[in-house]
Amino acid sequence: MASLTRRKALSVSGFLHEGIVSRRAAAAGSWRGFASSGSEENDVVVIGGGPGGYVAAIKAAQMGLKTTCIEKRGALGGTCLNVGCIPSKADLPLTLSLYLSLLALLHSSHMYHEATHAFSSHGIKFSQVEVDLPTMMAQKDKAVSNLTRGIEGLFKKNKVTYVKGYGKFVSPSEISVDTPDGSTTVVKGKNVIIATGSDVKSLPGITIDEKKIVSSTGALALTEIPKKLVVIGAGYIGLEMGSVWKRLGSEITVVEFGPNIVPTMDFEIRKQFQRSLEKQGMKFMLGTKVVGVDSSGDVMKLLVEPASGGEQSVLEADVVLVSAGRIPYTAGLGLAEIGVETDKVGRIPVDERFQTNVAGVYAIGDVIPGPMLAHKAEEDGVACVEFLAGKHGHVDYDLVPGVVYTHPEVASVGKTEDQVKELGVAYRVGKFPFMANSRAKAIDDAEGLVKIIAETETDKILGVHIMSPNAGELIHEAALALQYGASSEDIARTCHAHPTMSEAVKEAAMATYDKPIHI
């Protein structure tokens, strides 16, 4: 089954490659004889300093290629380090996938929640606990500052030239950069990699002001805890943001147009995950459309109706978070002027070597098809540069892990049970609850399970789904197993340390090919 899937992927890739090559030849002709000007030519120029961009730049330099990285906002790390993942500052780049800043607040808010809800049962008592939001935000800002400085240090160590400013193509091999001091410089490169990431997807009739109606950027920079927060969108980031503010005291309502939260998640895990979030106090309005938002008063009023049409109702909120997805960020790059094609949602089609339809112009990360995740962008960057250096690069998008950083976390890799059913493959499922795991019971944090899906005939693992504390750390054993085509018996017969949470993965594998021991 896996080999069939791989052959299908290669045939699709080959078809895409053939089309891009023919268009690339035509595009290249229009630039023949263009007169170059400006600075010394680089082997590689990377536009964007997010996880895909800065990793690509460092890897290129490590492979002996003269490399320049252009970042428009003067701070490396992208949305992941500067907005979504670590702190949130308006002057920092929006090129990554929003996680570390969010993780900082998820961790801080979880500590507060544990102090107010769990410490007493462990014999730890105190008279009063309170949230100091400015200090919490300052800790987040300190984290980003340290990390962005660290990336600049890696650039110096690896001899990557760092140009601060807004880059725009003037030809496929020349980038005009408007620098912060008002001047303009031209950076030339034999190969240019577009790694500009993604931006927040807007909704019709809803204007984000980052004060009362906020994106993930504004939600990470609120100056006070809202009494009522409405989250539009029940995807990864919306649920993570909702978790942060729920723990800190907000009343959270999540409005989702579709019938399910996190539609890409395995149905069984999703069902348990939603129950867990509801138990924590989050409310869900699924299959619901936001028609409009009235922000004229002190309290905002959201007009909502069933997605299929029907009676309208009003929700009140102090803050509205728009978290309905992200779109590729390619505005102002001059792509059309040099002939680089984009699809209807703004993504840049590339071949298996990450090259666009224009020779010498490449794209990686959120601006191309595939999961909009920082770690996927990093893998794209490494693979792209390996191709440029004459080596072989590879990224299997079917094996990119996904993690929801709530508590409990949810992590997945490979196929869901519904996807396996659609393939028509005979399969087995093995499950093991953390309620039967000794480490989870000992630390009084045993919510969740491990679910493994394997092909019946070969026992080859097709997908692994985990809901538990630190599921994002546990999933990589499964990712490695899928990468090497392992069977569930391979994991089951691998000795796991005791007592650990990882033993639940082993027990689920045992349940897949035979029987578990501890349930």
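Computed from a prediction, not measured in an experiment: that's the story for all the values here.
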At their closest point, which heavy atom of [X] faces which heavy atom of [Y], and how far apart are they?
| X | Y | answer |
| --- | --- | --- |
| Val170 | Ser176 | CG1-CB, 3.7 Å |
| Gly365 | Asp380 | N-OD2, 3.0 Å |
| Ile213 | Met300 | CG1-SD, 3.6 Å |
| Met282 | Val254 | CE-CG2, 3.8 Å |
| Val290 | Val293 | CG1-CG2, 4.2 Å |
| Ile327 | Met372 | C-CE, 4.0 Å |

[atom1]/[X] to [atom2]/[Y] distance, rounded to the nearest 0.5 angstrom?
| X | Y | atom1 | atom2 | value |
| --- | --- | --- | --- | --- |
| Leu480 | Ile475 | CG | CD1 | 12.0 Å |
| Leu203 | Ser323 | CG | OG | 9.5 Å |
| Leu248 | Leu105 | CG | CG | 8.0 Å |
| Asn260 | Gln274 | CG | CD | 7.5 Å |
| Met137 | Ser108 | CE | OG | 9.5 Å |
| Ser216 | Leu220 | OG | CG | 6.5 Å |

How about [X] and [Y]: do any of their side-chain heavy atoms sit closer than 4.5 Å?
| X | Y | result |
| --- | --- | --- |
| Glu256 | Ile261 | no |
| Thr342 | Arg347 | no |
| Leu388 | Ile193 | yes |
| Phe432 | Lys506 | no |
| Leu482 | Val464 | yes |
| Met241 | Ile237 | yes |
| Leu321 | Ile232 | no |
| Ile194 | Phe169 | yes |

Any donor-acceptor pair under 3.5 Å linking the side chain of [X] with the backbone of [Y]?
| X | Y | value |
| --- | --- | --- |
| Gln280 | His407 | yes |
| Thr161 | Thr68 | no |
| Glu210 | Gly218 | yes |
| Thr253 | Val230 | no |
| Ser276 | Gln272 | no |
| Lys212 | Ser295 | yes |
| Glu240 | Val404 | no |
| Ser183 | Thr179 | no |
| Ser250 | Pro226 | yes |
| Asn470 | Glu473 | no |

Open item on the list: Before you tell me yes or no, could you show the steps for Asp132 and Tyr112 under side chain to side chain donor-acceptor pair (under 3.5 Å), namely the whole-Å CA-CA distance, both residues' side-chain angles and the distance that decides it to 0.1 Å?
Closed with: CA-CA 10 Å; Asp132 181 348; Tyr112 172 72; over 6 Å; no

Task: Partner residues of Lys66 under the side-chain contact (heavy atoms from CB on, under 4.5 Å) criterion, sequence neighbours left out - done: Glu40, Asn42, Asp43

- [ ] Give the C-alpha distance, both sets of side-chain angles, the deciding distance and a yes or no for side chain to side chain contact (heavy atoms under 4.5 Å, CB included) between Cys384 and Gln355.
- [x] CA-CA 8 Å; Cys384 179; Gln355 190 164 208; over 6 Å; no

Side chains of [X] and [Y]: donor-acceptor distance under 3.5 Å anywhere?
| X | Y | answer |
| --- | --- | --- |
| Glu503 | His498 | yes |
| Asp366 | Ser198 | yes |
| His496 | Glu477 | yes |
| Ser468 | Glu409 | no |
| Tyr362 | Asp351 | no |

Task: Worked verdict on Lys246 versus Glu251 for salt bridge (Lys or Arg N to Asp or Glu O under 4.0 Å) - done: CA-CA 6 Å; Lys246 175 60 188 172; Glu251 182 181 313; over 6 Å; no

Open item on the list: Using the rule given for side chain to side chain contact (heavy atoms under 4.5 Å, CB included), can you reason through Lys168 versus Ile47, listing the C-alpha separation, both sets of side-chain angles and the distance that settles it, and then say yes or no?
Closed with: CA-CA 9 Å; Lys168 180 179 180 178; Ile47 306 176; over 6 Å; no

Just wondering, are more than 12 heavy atoms of other shown residues or ligands nearer than 6.0 Å to [atom1] in [X]?
| X | atom1 | value |
| --- | --- | --- |
| His110 | NE2 | yes |
| Asp298 | CG | no |
| Tyr484 | OH | no |

TODO: Classify the angle between the aromatic ring planes of Phe387 and Phe354 as parallel (below 30°), tilted (30 to 60°) or perpendicular (above 60°).
DONE: tilted

Open item on the list: Between Val187 and Ile70, does the side chain to side chain contact (heavy atoms under 4.5 Å, CB included) criterion hold? Intermediate values first, please.
Closed with: CA-CA 9 Å; Val187 179; Ile70 302 168; 4.3 Å; yes

Open item on the list: Run the side chain to side chain contact (heavy atoms under 4.5 Å, CB included) test on Glu386 and His392 for me, step by step, so that the C-alpha distance in whole Å, both residues' side-chain angles and the decisive distance to 0.1 Å come before the verdict.
Closed with: CA-CA 6 Å; Glu386 287 175 333; His392 179 70; over 6 Å; no

